[in-house]
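Worksheet: the structure to be examined is printed underneath.
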Amino acid sequence: MALTLCIRRQGPSTPRPPSGPGPARRPARLGRVKILVIGGGGREHAICRALASDASVTALFCAPGNPGIAAAAELRAVDPLDPDAVAALAVEVEADLVVVGPEAPLVAGVGDAVRAAGIPVFGPSKAAAQLEGSKAFSKDVMAAAGVPTAEAFVCTTPEEAERALDAFGPPYVVKDDALAAGKGVVVTTDRDAALAHANACSSVVIEEYLDGPEVSLFAITDGTTVVPLQPAQDFKRVGDDDTGPNTGGMGAYSPLPWAPHGLVDEVLEHVLQPTVDELRRRGAPFVGLLYAGLALTKRGVRVIEFNARFGDPEAQVVLPLLSTPLAGLLHAAAVGTLDVAEPLRWHEAAAVTVVLAAAGYPGKPRGGDPITGIEAAEALGAYVYQAGTAYSDETGTLVSSGGRVLAVTALGGDLAVARTSAYRALAEIHLADAHYRTDIAARAVAGESAVP
Ligand code: AMP
């Protein structure tokens, strides 16, 4: 592929459709629904816990789930990357709605297969999920929609990569074009390291470095109407003070006391709505959760990346703060009636989550270590979301089985209280040689604005 500069064009943004109820359309009251959630990590645990507390949900299944999710949903075995198998399971459990948690099943076409079986899905089609599945596609959509993002080159040869690195200068940002579970991005001042990462991937996006605090903003959309949730911030680097390599996310908090007034409206107008409009215009309407990873630079808001699903661990703080029942909201997105949904309601509280990671993470994590203290942590009022956990074949006890093992969330009247409570609850949990960041939300509590 030739070296391609993604030039930002100011594309027209379709005005938002009217959001008030029209004469013939009223907010649909959700009847009794059976829901199947696909996935088995901390994000799906947060989704299942929120759905389980929604009175309209009469049956909740999760496939494949995990030991923690089993407390909220009936677990079923499935290969989440097999679209036909997921569709067959949705038919078997008579699901009224399927919620796809992670990105990989979406990119594999699970949403399309379930829709083809006649069942509403919260999660984009394979085509729309390319917004996350291909950084190059995402850059192309942003350019067409006039969405502000980093200038970028798509490179497939070492020579192209070298030219792109030198065009921008340090710090270098090199992104694997394919899905990489949040770990395909290298940000470094070391040109050799940047080049080595570029050469290790078959196609890379090399882009301008964006300086400024990061914000994660989720929006629920039916492909036309866009409903933003409350912003959160996550912590990508493994170590305190943002040291060490990138991870899938080591903690998060919400709301953001330092965020500029009007940020959500601005992002809705200049980022979310134009992106949703552009995908619909391309014949690939985006139905599900559009996640904008943003940098608040001195020159204004810039999109770092889009994801096609809830962020993990941001979902573990945003969903517990949402007071609007989740099932009705996701169902309205899936069936295209968000334009008549009632405005969202939020708990007047703050939430902090801290991820407990296994020894070795973000490299190869050590598994099989016993986990104790979850009940004690929850007795303090925390939510312990399980991600990399399993029952040991030999002893039947709960053991670690992944890199990010748990996320411990606490709510409080403000961030300081939530943060103290989250770390107090985390202290009850034991996992040999586990590690976690000690500075989640610390700068926000100290009143500083917010580089994660
Ligand atoms: P992504 O997977 O694209 O979210 O990237 C992971 C992390 O790398 C982001 O959360 C940022 O901290 C960092 N990052 C990605 N792109 C850029 C950029 N253009 N400038 C600065 N940091 C970036």
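Just so you know, ligand 1 is whichever comes first in the structure, and atom 1 is the first atom listed for that ligand. FYI, side chains are in, hydrogens and waters are out, and symmetry mates aren't considered; it's all heavy atoms of this structure.
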Ligand 1 contact on [X] by region, counting heavy-atom pairs under 4.0 Å:
{"X": "N246", "result": "side chain"}
{"X": "L210", "result": "both"}
{"X": "E208", "result": "backbone"}

Salt bridge check, [Y] against [X]: does any charged N sit closer than 4.0 Å to a carboxylate O?
{"X": "D176", "Y": "K135", "answer": "no"}
{"X": "R163", "Y": "E160", "answer": "no"}
{"X": "D234", "Y": "K236", "answer": "yes"}

Proximity winner for atom 19 (N) of ligand 1, if only heavy atoms of E305, E151, E207, E132 are counted: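 Checking each option, the heavy atom nearest atom 19 (N) of ligand 1 is found in E207.
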Does CZ belonging to R115 count more than 12 external heavy atoms closer than 6.0 Å?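 Yes.
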Might you point out which heavy atoms bring R43 and Q316 nearest each other, and give the distance in Å?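 Scanning both residues, the minimum pair turns out to be N-NE2, 3.6 Å.
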E103, R309, E132, E314 screened by side chain to side chain donor-acceptor pair (under 3.5 Å) with Y291, the one that passes: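 One option only clears the test, and that one is E314.
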Identify, by atom number and element, the atoms of ligand 1 in contact range of [X], meaning under 4.0 Å from any of its heavy atoms.
{"X": "K236", "answer": "10 (O)"}
{"X": "K175", "answer": "3 (O), 15 (C), 16 (N)"}
{"X": "V173", "answer": "16 (N), 17 (C), 18 (C), 19 (N), 20 (N)"}

Checking D339 against T225: is there a side-chain donor and acceptor pair closer than 3.5 Å?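 No pair is found: no donor N or O on one side chain lies under 3.5 Å from an acceptor on the other.
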Do ligand 1 and Y209 have nitrogen or oxygen atoms that lie under 3.5 Å from each other?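 The answer is no, given that Y209 and ligand 1 share no N or O pair closer than 3.5 Å.
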If the contact criterion is a heavy-atom separation under 4.0 Å, does K135 count as touching ligand 1?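 Contact present.
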